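Because the structure is a prediction, the values reported are computed rather than measured. Throughout, a chain's letter reflects where its sequence line sits, starting with A, and its residues are numbered from 1.
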2 protein chains.
Amino acid sequence: MLDLGRLRALHAVSVHGTVGAAAAALGYTPSAVSQQIAKLERETRTTLLERSGRGVRLTDEARRLAATAERVLALVEEAEVRLEERRGQPEGRLRIGCFPSAARGLMPRVLADLARRHPALDARLTEVDPHLSVDLVGRGVLDLAVAHDWDIAALPVPPGVEQAVVGDDGCDILVPRDHPLAARERVRREDLSRERWITQPPGTVCHDWLIRTLRATGYEPLIAHQAEENHTQVALVAAGLGIALVPRLGRGPLPPEVAALRLEPVPVRRLWALWRAGAARRPAITETVRTLQELWPEVSAAR
Amino acid sequence: MLDLGRLRALHAVSVHGTVGAAAAALGYTPSAVSQQIAKLERETRTTLLERSGRGVRLTDEARRLAATAERVLALVEEAEVRLEERRGQPEGRLRIGCFPSAARGLMPRVLADLARRHPALDARLTEVDPHLSVDLVGRGVLDLAVAHDWDIAALPVPPGVEQAVVGDDGCDILVPRDHPLAARERVRREDLSRERWITQPPGTVCHDWLIRTLRATGYEPLIAHQAEENHTQVALVAAGLGIALVPRLGRGPLPPEVAALRLEPVPVRRLWALWRAGAARRPAITETVRTLQELWPEVSAAR
DNA sequence: GGTTGGATGAAGCACTGCTACATTCACCCG
DNA sequence: CGGGTGAATGTAGCAGTGCTTCATCCAACC
């Protein structure tokens, strides 16, 4: 009888493309996955992987077998979900992926709460880019993702993945304390057209939103500096090198040299929780999503 | 992730009723099956078996899990069949169950032929009662059964099991050489109404057929002796203790003290091959059935 | 042509899963 | 009611599996 572990290895290679990535997803070394599949080949007397360039290619037969493996694994996972559901308590491992600012601004509070209330739950956090996290959930690398999107770029959610709103996070304009606008409480887009900007790298939603929104006022924004981390952006603003659009969540207290202005209308990013549809009934999932939603107002108010 | 071996153990217990029977079907000791299920209980933190009298009872949750396991195992088996089908050559283990007279009269020839033409096929023969063999195929203990039935008692074939005719085997009346009828080549039922009979034990088809057929002529047959094995029956006939109705297949050469009379009409039992529907496409199955059918005329002529 | 990214192979080690045997428990029967 | 039987489970031990680490090999890229 075919072995489930070997089928899982083959399926992982078919999903992730390379032996190494499959191994990483399964928590093994590439050598282990390679050996598993070699054994599967011996047992079935069938060639499953062919070397192709630096990587491997699945044979037709391997693809068929991987498709069956997917159905088998789905059945088994469904059975596990049903067992956990019946016991009712969140438990087992929950691999959570989260974008950086929520990882520091929201998740510590949430994880502490979960750990206190559900000792059998083994929640593990990984910081990942929000656009990657959706795919990682779809492929089963993560059990739960906390991601965000903006009005101009809704999160693309593949079939088989479900989502729920956690809350909305506003963004402010950070300016040096001696900036002409620093005295004002509120500003409009038009007021910002001639500034030097400090943004995240191109391709990030934050960056694209800024470009598109300011272009709509008729000016091409001047990007003076780029930094991925909000704290670096704040430091650049503090040094008087430009102004920045920075989300409130995870921003932390501002240094005295920096002032936050409320932009009208307030740019909002929406926080989502995402999970595989098959795992929707896991108490670990439902309870974590509930906790995210319940704690959000509290976290939001403290920003 | 749930382990396939443990699921198979649970499923086997659910099918066979006891840990011991499940172990026998899987080829393990009861202790092994018991340990597997104990581990499954620990992993799922669910009680699966409850002791009930001398045996065990599955909990509701265990029954659900066993049902899922059945689907999983069916998928996996289907994948294995597809792999073998694609390679085209009969191979792997084929557990054959066969009733006694065919086990000596037909199967040696068939198995030798298969072994010569298909070295990768590991065919294993077990002698089993024909009425048991159908059930054993249905429950997956056997891959292929060779059974037989009579016009008065068709073989009950459960859903999920398929069958094909192998051939028809006639039966003769064996009488002592000095019996009044011994000179005749052919006899009719009416000629036999006052004989002392040597039969198989009550409950066997052979016995029941005799009773019913002779009763139809208006006489209650007199059962003088009972013996399960045809050779013993022949020896009893040779000793002049009665006459017997004995199938031709597997009868072997008769001693000089015994004569075979052709009964008109000739009682016929039909030989069947039976297998699980799921395994129908296995070359090991199709080729073995084909071999049975092809060799039958040859074996039949040599009886 | 060295370097990098990836797969595979060999050695070793921990763990799993089996068997054999012992124990426990429920039923049955004298 | 006590001994016997059938069935499950527990224990010790052993073989085999499956992982990791380290080394090797191959293809692509600079």
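Around atom CD of A:E43, more than 12 heavy atoms belonging to other residues, nucleotides or ligands sit under 6.0 Å away. Counting non-hydrogen atoms of neighbouring residues, nucleotides and ligands closer than 6.0 angstrom, the CD atom of A:E85 exceeds 12 such neighbours.
In this structure, B:R282 and B:E80 have side chains that are not in contact, with every pair of non-hydrogen atoms separated by 4.5 Å or more. The side-chain heavy atoms of B:N230 and B:R104, taken from C-beta on, include a pair separated by under 4.5 Å. Between A:E50 and A:T59, the closest side-chain pair of non-hydrogen atoms falls below 4.5 Å.
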Check against side-chain hydrogen bond (donor to acceptor under 3.5 Å, both in side chains), B:T46 and A:R86: CA-CA 10 Å; B:T46 308; A:R86 185 157 169 289; 5.7 Å; no
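DNA chain C is contacted by both A:T18 and B:R6; A:T18 maps to the nucleotide lying nearer its 5′ end (nearest heavy atom per residue).
The existence of a salt bridge linking B:R87 and B:E84 is excluded, since no basic side-chain nitrogen approaches an acidic carboxylate oxygen closer than 4.0 Å.
Residue pairs that meet the ring-ring contact (aromatic ring centres under 6.0 Å, His included) test with at least one member in residues 45-104 of chain A, sequence neighbours left out, are A:F99-A:H148.
On the nucleic acid side, DNA chain D contacts chain A at distances under 4.0 Å to non-hydrogen atoms, with the end points of that region at D:dG18 to D:dC29.
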Classify every nucleotide of nucleotides 18-30 of chain C by which part a protein heavy atom approaches to under 4.0 Å, writing B for the base, S for the sugar-phosphate alone and - for neither, in 5'-to-3' order. BBB-----BB---
